[in-house]
Amino acid sequence: MKIIKGIFVVIFIILGVMFYSVSVVPGGIVCWAFAAVTFFFMPTKSPKKKREEYLKTINAIEIFTGTHIAGLPIGETTATITFFKDQITIEGGGAKFNIDINRLRDVMVKQDSEIRVELKNSLVGGAVGGFLFGPAGAIIGSRTSKKNLEVTMYFIINYINKSGAMESICFDMGTYKNGGGNLIALAESDAKQRLKKVKALIPVQNYEVDL
């Protein structure tokens with residue numbers, strides 16, 4: 001759509017110049033007016049629409065992008081996390097990792113302050129925080145932050161590895177200035193809304209407990 005829009009703008013500008021060069025001033029003005037209207041008012045696809053169309057082309061459920069923090073041997077590098085019906089694919093640092101969807105246990109988006117509180121509480125009441133965040137929890141907890149000035153969003157995947165142990169992979173989804181409440185709320189709301197489709201993929205776990 002953006003290419004088509006650009007072509008129309010160029011055509012109208014060229015026609016305007018042609019009319020103006022042969023002293024047909026009104027025609028030139030009309031063409032330039034059409035070029036301006038096309039440039040400013042012709043609709044373009046939103047990022048959401050583009051993402052949805054891309055997901056259809058690769059037959060995926062959802063896709064996220066963030067900076068890898070912990071969980072994979074790729075260091076702090078930009079990574080793309082794609083959720084398919086049968087697996088999760090993570091690409092970054094020149095490497096590609098696949099996780100069978102049946103081993104997925106949870107996906108979440110949390111602010112750094114929420115993670116620090118949960119980690120602090122886990123030290124008092126149990127190991128839930130460490131269990132959920134793994135090595136990423138220690139990294140996030142030790143990261144220096146401008147208290148009350150910035151908010152960092154994290155994307156966390158919990159899954160069972162091939163040895164049967166719980167593992168966590170964490171991504172930095174971006175830092176926002178505190179005080180820009182609407183921007184933070186919108187970013188978090190958008191991510192959590194998109195996560196609903198992913199959470200529907202998590203297999204139901206049946207277990208037995210002796211009381």
Side-chain angles (χ1 to χ4, degrees), residues 47-48 50-52 54-55 58 60-122 128-146 150-161 165-178 180-203:
K48 180 181 178 181
K50 290 179 181 178
R51 187 179 69 250
E52 289 174 349
Y54 176 68
L55 289 172
I58 62 174
I61 303 299
E62 193 52 87
I63 188 168
F64 296 87
T65 301
T67 300
H68 172 262
I69 299 300
L72 297 172
I74 56 175
E76 291 197 14
T77 186
T78 301
T80 301
I81 311 102
T82 309
F83 291 86
F84 297 91
K85 289 182 179 180
D86 59 344
Q87 69 177 16
I88 306 165
T89 296
I90 301 171
E91 296 181 80
K96 182 176 181 179
F97 305 88
N98 298 316
I99 302 172
D100 189 290
I101 204 68
N102 291 315
R103 293 194 281 121
L104 178 64
R105 291 298 175 266
D106 200 5
V107 284
M108 64 191 87
V109 171
K110 286 185 176 290
Q111 296 183 16
D112 51 354
S113 57
E114 294 178 289
I115 294 174
R116 289 192 180 95
V117 169
E118 291 188 34
L119 287 171
K120 183 179 179 180
N121 291 340
S122 72
V128 176
F131 179 75
L132 289 176
F133 308 124
I139 294 173
I140 295 169
S142 64
R143 274 188 161 189
T144 57
S145 63
K146 297 176 181 177
E150 293 181 342
V151 174
T152 301
M153 305 286 293
Y154 290 97
F155 183 86
I156 301 157
I157 299 172
N158 289 330
Y159 72 101
I160 300 296
N161 66 19
M166 179 73 80
E167 295 279 3
S168 297
I169 307 174
C170 182
F171 303 89
D172 182 332
M173 303 298 284
T175 298
Y176 303 85
K177 293 291 183 182
N178 212 346
N182 288 338
L183 185 60
I184 297 169
L186 284 172
E188 187 171 20
S189 175
D190 175 67
K192 289 184 175 180
Q193 187 66 32
R194 290 160 57 196
L195 272 183
K196 288 181 179 179
K197 295 187 293 181
V198 176
K199 284 182 175 290
L201 300 174
I202 300 175

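Predicted, not measured: the structure shown is a model, and the values here were computed from it.
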Is the shortest heavy-atom distance from the side chain of [X] to the side chain of [Y] under 4.5 Å?
X: Ile160; Y: Met166; result: yes
X: Ile88; Y: Tyr159; result: no
X: Phe64; Y: Val198; result: yes
X: Tyr154; Y: Asp172; result: yes
X: Asn98; Y: Phe84; result: no
X: Leu55; Y: Ile61; result: no

Where do [X] and [Y] come nearest, in terms of heavy atoms and distance?
X: Gly66; Y: Ile81; answer: N-CD1, 4.4 Å
X: Thr82; Y: Ala60; answer: CG2-CB, 3.7 Å
X: Thr67; Y: Glu76; answer: CG2-C, 4.1 Å
X: Thr77; Y: Gly92; answer: CG2-C, 4.2 Å
X: Ala191; Y: Val109; answer: CB-CG2, 3.8 Å
X: Arg105; Y: Asn102; answer: NH1-O, 3.0 Å

To the nearest 0.5 Å, what is the distance between [atom1] on [X] and [atom2] on [Y]?
X: Ile101; Y: Gln87; atom1: CD1; atom2: CD; value: 8.5 Å
X: Gln193; Y: Glu62; atom1: CD; atom2: CD; value: 10.5 Å
X: Phe97; Y: Thr89; atom1: CZ; atom2: OG1; value: 11.5 Å
X: Lys192; Y: Lys199; atom1: NZ; atom2: NZ; value: 9.5 Å
X: Leu104; Y: Ile99; atom1: CG; atom2: CD1; value: 8.0 Å
X: Asp86; Y: Asp100; atom1: CG; atom2: CG; value: 7.5 Å

Exercise. Look at the side chain of Arg194 and the backbone N and O of Ile63, then say whether any donor-acceptor pair between them is shorter than 3.5 Å.
Key: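 Yes, because the side chain of Arg194 sits within donor-acceptor range (under 3.5 Å) of the backbone of Ile63.
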
Exercise. Could you list the residues that satisfy ring-ring contact (aromatic ring centres under 6.0 Å, His included) with Phe171, not counting sequence neighbours?
Key: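 Per chain and number, Phe171 pairs via ring-ring contact (aromatic ring centres under 6.0 Å, His included) with His68.
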
